[in-house]
Novice: 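Take this structure first; my questions come after.
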Amino acid sequence: MNLFARLLWLRMVGRLRPRSGLLGPVRTPFRVWPTDLDVLRHVNNGVYLSLLDIARTDLLIRARLAGALKERGWFPVVTAESIGFRRSLTLFQRFDVETRVLGWDDVSFYIHQGFIRDGDVIASALVAGRFLSRDGGSVPTADVAALGGVTKSPEVPGWARRLAADQERLRKNVVGPPEPGRRKTS
């Protein structure tokens, strides 16, 4: 199923599903459709990241934050994400994405998301993100958390902080020109 169609479905049914707090967890159900598959007939790795976006939107809807964010002109953006795969998802399998906010610092929210099928973890991801304002600039994480009724961040696990720091180092070390004496390859 096209990701846009999934997002429309979520917007229609999200308000009818059980409420959640800002921290979650929220389980978003999915099924593998032919458009999700790659040439090896399992879910394409890029599709996993798009499904994570939809599941985070589900959290915002069920925490009753989507409307308040829209009114203020605030919107979420991903600044880093890392995903590890354990198994494959194949055509027509049902699975859930479980989303929970681990915590936040002055700049980013840290979100853990897992793909779960029949109680088995298929893939697990850490997503770092922030909120921007349509008026320009970043929105303080404390302001977004307060909007969600939470005033203090849970302690972000060390593994999540390390992974986010590694992502930041990676982002700053984008491949540059070739070293002197080495040929440029295409």
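Source: prediction; values computed, not measured.
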Novice: Establish whether V121 and L89 are linked, either directly or via other cluster members, by ILVMFWY side-chain heavy-atom contacts under 4.5 Å.
Specialist: no

Novice: Got a second to check how far H42's NE2 is from R87's CZ, nearest 0.5 Å?
Specialist: 14.5 Å

Novice: Of the non-hydrogen atoms in V139 and D143, which two are nearest, and what is the gap between them?
Specialist: CG1-CB, 4.2 Å

Novice: Mind listing the closest non-hydrogen atom pair of A145 and W104 along with its distance?
Specialist: CB-CZ2, 3.4 Å

Novice: Would a single hydrophobic cluster contain both Y110 and V97, if residues Ile, Leu, Val, Met, Phe, Trp and Tyr are joined by side-chain heavy-atom contacts under 4.5 Å?
Specialist: no

Novice: Is the distance between the ring centroids of F131 and F75 under 6.0 Å?
Specialist: no

Novice: Drop me the distance from R117's CZ to I122's CD1, to the nearest 0.5 angstrom.
Specialist: 3.5 Å

Novice: Has the side chain of E81 got a donor or acceptor atom that lies under 3.5 Å from a matching backbone atom of L126?
Specialist: no

Novice: Would you say the side chain of P25 lies within less than 4.5 Å of the side chain of Q113, judging by non-hydrogen atoms?
Specialist: no

Novice: Hydrophobic clustering (ILVMFWY, side-chain heavy atoms < 4.5 Å, transitive) - are L23 and V156 grouped together?
Specialist: no

Novice: Between D53 and R6, does any side-chain N to carboxylate O distance fall below 4.0 Å?
Specialist: no

Novice: Indicate yes or no: at least one non-hydrogen side-chain atom of D106 is less than 4.5 angstrom from one of P140.
Specialist: no

Novice: Would you call the rings of F95 and F30 parallel, tilted or perpendicular, taking 30° and 60° as the class edges?
Specialist: parallel

Novice: Find the distance between CZ (F109) and OG1 (T79) and round it off to the nearest 0.5 Å.
Specialist: 11.5 Å

Novice: Quick check on the 6.0 Å ring-centre criterion: do F85 and F115 meet it?
Specialist: no

Novice: Within this structure, what is the OG-CH2 distance for the pair S133 and W74, rounded to the nearest 0.5 Å?
Specialist: 8.0 Å

Novice: Heavy atoms only: give me the nearest T99-A55 pair and the separation to one decimal.
Specialist: OG1-CB, 3.5 Å

Novice: Has the side chain of T141 got a donor or acceptor atom that lies under 3.5 Å from a matching backbone atom of S108?
Specialist: no

Novice: Can you tell me if R72 uses its side chain to pair, donor with acceptor, with the backbone of A68 under 3.5 Å?
Specialist: yes

Novice: Would you say V107 and R130 make side-chain contact, with heavy atoms under 4.5 Å?
Specialist: yes

Novice: Would you mind telling me which of V150, I111, V127 makes a side-chain contact (heavy atoms from CB on, under 4.5 Å) with V101?
Specialist: I111

Novice: Please check: side-chain N/O of D118 versus main-chain N/O of D120, any donor-acceptor pairing under 3.5 Å?
Specialist: no

Novice: Pick out which of H112, E98, R86 makes a side chain to side chain donor-acceptor pair (under 3.5 Å) with S124.
Specialist: H112

Novice: So, applying side-chain contact (heavy atoms from CB on, under 4.5 Å) with L40, which one of D38, N44, L37 is it?
Specialist: D38

Novice: May I ask you to say whether R62 pairs ionically with D58, meaning some side-chain N is under 4.0 Å from a carboxylate O?
Specialist: yes

Novice: Could you walk me through whether I116 and R27 pass the side-chain contact (heavy atoms from CB on, under 4.5 Å) check?
Specialist: CA-CA 9 Å; I116 302 166; R27 279 200 173 207; 3.2 Å; yes

Novice: Report the C-alpha separation of Q93 and V43 in whole Å, then their side-chain angles, then the decisive distance to 0.1 Å, and conclude whether the side-chain contact (heavy atoms from CB on, under 4.5 Å) test is met.
Specialist: CA-CA 10 Å; Q93 287 182 324; V43 173; over 6 Å; no

Novice: Taking side-chain contact (heavy atoms from CB on, under 4.5 Å) as the test, write out the residues that go with L65, two or more places apart.
Specialist: L22, L60, A63, L69, L147

Novice: Atom NZ of K172 and atom CD of E168: how far apart are they, to the nearest 0.5 Å?
Specialist: 4.5 Å

Novice: Could you tell me which non-hydrogen atom of L59 sits nearest to which non-hydrogen atom of G21, and how far apart they are?
Specialist: CD1-O, 3.7 Å

Novice: Report yes or no: do W33 and L7 belong to one cluster of Ile/Leu/Val/Met/Phe/Trp/Tyr joined by side chain heavy-atom distances under 4.5 Å?
Specialist: yes

Novice: To the closest 0.5 Å, what do you measure between CH2 (W159) and CG (L102)?
Specialist: 5.5 Å

Novice: Start with the C-alpha distance between T57 and L10, add both sets of side-chain angles, then the distance that settles side-chain contact (heavy atoms from CB on, under 4.5 Å), and finish with yes or no.
Specialist: CA-CA 8 Å; T57 300; L10 180 66; 4.0 Å; yes

Novice: For the residue pair P29 and R17, what are the closest heavy atoms and their distance?
Specialist: CD-NH2, 3.4 Å

Novice: Please tell me whether I61 and V13 are part of a single hydrophobic cluster in this structure, the criterion being side-chain heavy atoms less than 4.5 Å apart.
Specialist: yes

Novice: Indicate yes or no for a side-chain donor-acceptor contact from R31 to the backbone of F92 under 3.5 Å, with no hydrogens or angles considered.
Specialist: yes

